[in-house]
Amino acid sequence: MPTISDEELSAYLDGELNNQAKKRVEAAIQDSPTLQRKIAKLKQADQMARIFFEQSDQHAISESLKNTIRNHQAHTTSSRKRNNTQKVAKNAAKKVVQGPWRNMGYWAIAASVLLAVAVLWPQTQTGNPLQQRIQHGLATLAQNSVQNLNSETRLEILWSSENAQGHFCRRYALHTVNGSSQHQACLVQDNWKIEDLHEVQTDYQLASDVFTPPETVLTAEEEQAWLQKLNR
Amino acid sequence: MNQQHQQFQQALLDVLPALRRYCLSLTGQLHSAEDLLQATVERALDRWQQYQPDTYFNAWLYRLCRNLWIDTMRKEKPTDSLDDEQESLGLNESTTDTCVTGQQHEAQLTLARVQHHMAKLSEGLRTALYLVAVEGRSYQEVATIMDVPVGTIMSRVSRARQQLSESL
């Protein structure tokens, strides 16, 4: 009798096995009362999960939460963003005119631009326009932000972390009509080192070290601090 | 712009029950799930302009929710006990209520037992089990939502079922 693993049995319940594996599991279940009992227990476990989650449906969603959504204004975010942008711009301008460069405002701006170009040059020169947009997104977007890179590709920042070497790393997904792929980029000496993680997969693979456990993920505030440092 | 905003509002309203269940899968407790739901909605509203009317909406929202939960976990470890949860559900009072029928009492005890065993699952196992066994999503979809390989989902769902079935 073929050996059927617990994972295979569970995947069989979810309809996640290919035809060949499915037939093998079905034949084994038919011949084995032990496997039949196991399957029944797994189904009971699912039933437990359903009971657990259905409890939340017994309470109505609060009207105040629904009203928060219904009364939300389309311009709320944009105006807040605009205000924030204006504030940042104003502060930046203040720094220039109030600092030692106040009599040389234009020169200061020009110098800043040159400096920015010098810093960003190695990053922006490392690829095509799409890669440049990705790198710009990596340096500016907060977690869960989504940005259209072009008509076909969308960038989503999933989370940020700090690796063992203390480098700022960002997990991101690229979405296209054909599916999604995930990548990790770590900022090493002002350059984003990009690693492809997993494409939309057709075969199963075991849990690997690509998964970043929650404790290594930066909080929104920690991430913000990194982004501010990057864009200072 | 207005039409897209309305679509976003409707999509968010529609997804609320599922989103609350997802919050429950992360927190393991109802009242903290409500708090997480509230925070997720606020953050989603704040970022509504990133809304794209396609299949990625739920996945985006779930990830946003999970990141918020990670933030919360990092800041303060939840200290609510199962007793608190039962209290919030009115279980402790109702089990002593003389008007409760035997059948209701049995149902409440079952729910309490289920809550106990579900709370013992780690967040990763509980979430994977919820998305697969309750929402009926494919391993691939769940892998995308949880940012892990498909094989990890396969193993988490199996372990979650295993742990629960051992408690039966």
Side-chain angles (χ1 to χ4, degrees), chain A residues 5-7 9-11 13-14 16 38 41-42 44-46 48-53 55-57 59 61-62 65-66 68-70 72 74 76-78 80 143-147 154 156 158-159 171 173 175 180 182 198 200-201 203-208 210-212 214-215 217 219-221, chain B residues 1-2 5 9 12-13 16-17 20-21 24-25 30 33-34 37-38 41-43 45-50 52 56 60 63-64 67 70-71 73-75 89 110-111 114-115 117-118 129-130 132-134 138-140 143-144 147-152 154-155 157-158 160-162 164-165 168:
Chain A
S5 70
D6 290 339
E7 286 191 1
L9 217 49
S10 173
L13 271 187
D14 298 322
E16 291 276 348
K38 263 192 178 180
K41 276 201 151 190
L42 295 184
Q44 275 180 288
D46 282 6
M48 269 174 96
R50 275 189 283 272
I51 291 172
F52 178 73
F53 289 106
Q55 62 173 313
S56 84
D57 294 338
H59 306 258
I61 300 275
S62 93
L65 185 62
K66 285 186 189 169
T68 305
I69 298 170
R70 290 188 192 113
H72 180 256
T76 310
T77 308
S78 54
R80 195 188 298 166
Q143 61 184 18
N144 300 117
S145 299
V146 182
Q147 191 173 69
R154 200 181 305 157
E156 179 179 354
L158 303 175
W159 70 49
R171 180 71 66 92
H175 302 295
S180 302
Q182 290 195 15
H198 42 101
V200 170
Q201 294 144 331
D203 292 315
Y204 296 128
Q205 61 180 82
L206 292 173
S208 68
V210 294
F211 173 61
T212 311
E215 53 269 25
V217 174
T219 63
E221 286 83 9
Chain B
M1 164 80 96
N2 257 346
H5 182 252
Q9 285 171 303
L12 193 52
L13 284 167
L16 282 180
R20 183 165 63 176
R21 288 194 296 270
L24 179 61
S25 78
L30 254 188
E34 293 285 353
L37 176 72
Q38 173 88 30
V41 164
E42 281 167 10
R43 189 170 280 189
L45 288 172
D46 215 34
R47 297 182 182 187
W48 84 268
Q49 279 164 322
Q50 292 168 9
Q52 302 283 341
Y56 297 123
W60 172 73
R63 280 196 287 263
L64 193 146
N67 282 344
I70 290 169
D71 275 11
M73 270 201 314
R74 294 281 305 275
K75 278 180 193 156
L89 288 167
T110 305
L111 182 58
V114 167
Q115 281 171 343
H117 295 303
M118 289 297 290
L129 185 65
Y130 165 66
V132 171
V134 182
S138 70
Y139 289 180
Q140 181 57 63
T144 307
D147 306 321
V148 294
V150 171
T152 306
M154 184 184 184
S155 116
V157 172
S158 169
R161 284 183 172 135
Q162 210 62 41
L164 286 179
S165 65
L168 288 167

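Letters go in sequence order (proteins before strands), and every chain restarts at 1. Values reported hereafter were calculated over all heavy atoms of this structure, with side chains retained and with hydrogens, waters and symmetry mates removed.
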Tell me, with the steps shown, if B:Met154 and A:Glu16 meet side-chain contact (heavy atoms from CB on, under 4.5 Å). CA-CA 9 Å; B:Met154 184 184 184; A:Glu16 291 276 348; over 6 Å; no
What closest approach, in Å, do [X] and [Y] show between heavy atoms, and which atom pair accounts for it?
X	Y	value
A:Arg50	B:Val134	CG-CG2, 4.0 Å
A:Leu158	B:Asn67	O-ND2, 2.6 Å
A:Ile69	B:Gln9	O-NE2, 2.8 Å

Go through the atoms of B:Val41 and report whether side chain, backbone, both or neither lie under 4.5 Å from a heavy atom of chain A.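 It is the side chain, since no backbone atom gets that close.
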Report yes if the side chains of [X] and [Y] come closer than 4.5 Å at any heavy-atom pair, otherwise no.
X	Y	value
A:Asp46	B:Leu129	yes
A:His59	B:Leu30	yes
A:Leu13	B:Val157	no

[atom1] of [X] to [atom2] of [Y]: how many Å apart, nearest 0.5 Å?
X	Y	atom1	atom2	result
A:Lys41	B:Gln162	NZ	CD	9.5 Å
A:Asn144	B:Asp46	CG	CG	12.0 Å
A:Gln44	B:Ser165	CD	OG	8.5 Å
A:Gln182	B:Asp147	CD	CG	4.5 Å

Could you tell me which portion of A:Gln143 (side chain, backbone, both or neither) has an atom closer than 4.5 angstrom to a non-hydrogen atom of chain B? both
Before you tell me yes or no, could you show the steps for B:Leu24 and A:Phe52 under side-chain contact (heavy atoms from CB on, under 4.5 Å), namely the whole-Å CA-CA distance, both residues' side-chain angles and the distance that decides it to 0.1 Å? CA-CA 9 Å; B:Leu24 179 61; A:Phe52 178 73; 3.7 Å; yes
Using the six-membered ring wherever Trp is involved, compare the ring planes of A:His72 and B:Trp48 and label them parallel, tilted or perpendicular (cut-offs 30° and 60°). perpendicular
Determine yes or no for a side-chain-to-main-chain donor-acceptor pair under 3.5 angstrom, with B:Gln50 supplying the side chain and A:Val146 the backbone. yes
Quick one: do B:Leu13 and A:Arg70 satisfy side-chain contact (heavy atoms from CB on, under 4.5 Å)? Show the steps, please. CA-CA 8 Å; B:Leu13 284 167; A:Arg70 290 188 192 113; 4.1 Å; yes
Looking at B:Gln38, B:Arg43, B:Arg63, B:Glu34, which one has more heavy-atom pairs under 4.5 Å with chain A than the rest?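 Greatest number of close heavy-atom pairs with chain A: B:Arg63.
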Partner chain A: residue of B:Arg20, B:Glu42, B:Met118 with the largest heavy-atom pair count (under 4.5 Å):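 Greatest number of close heavy-atom pairs with chain A: B:Arg20.
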Heavy-atom pairs under 4.5 Å with chain B, option from A:Asp6, A:Ile51, A:Leu9 with the top count: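 Option with the greatest count: A:Asp6.
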May I have the step-by-step check of side-chain contact (heavy atoms from CB on, under 4.5 Å) for B:Arg47 and A:Ser145, ending in yes or no? CA-CA 8 Å; B:Arg47 297 182 182 187; A:Ser145 299; 4.2 Å; yes
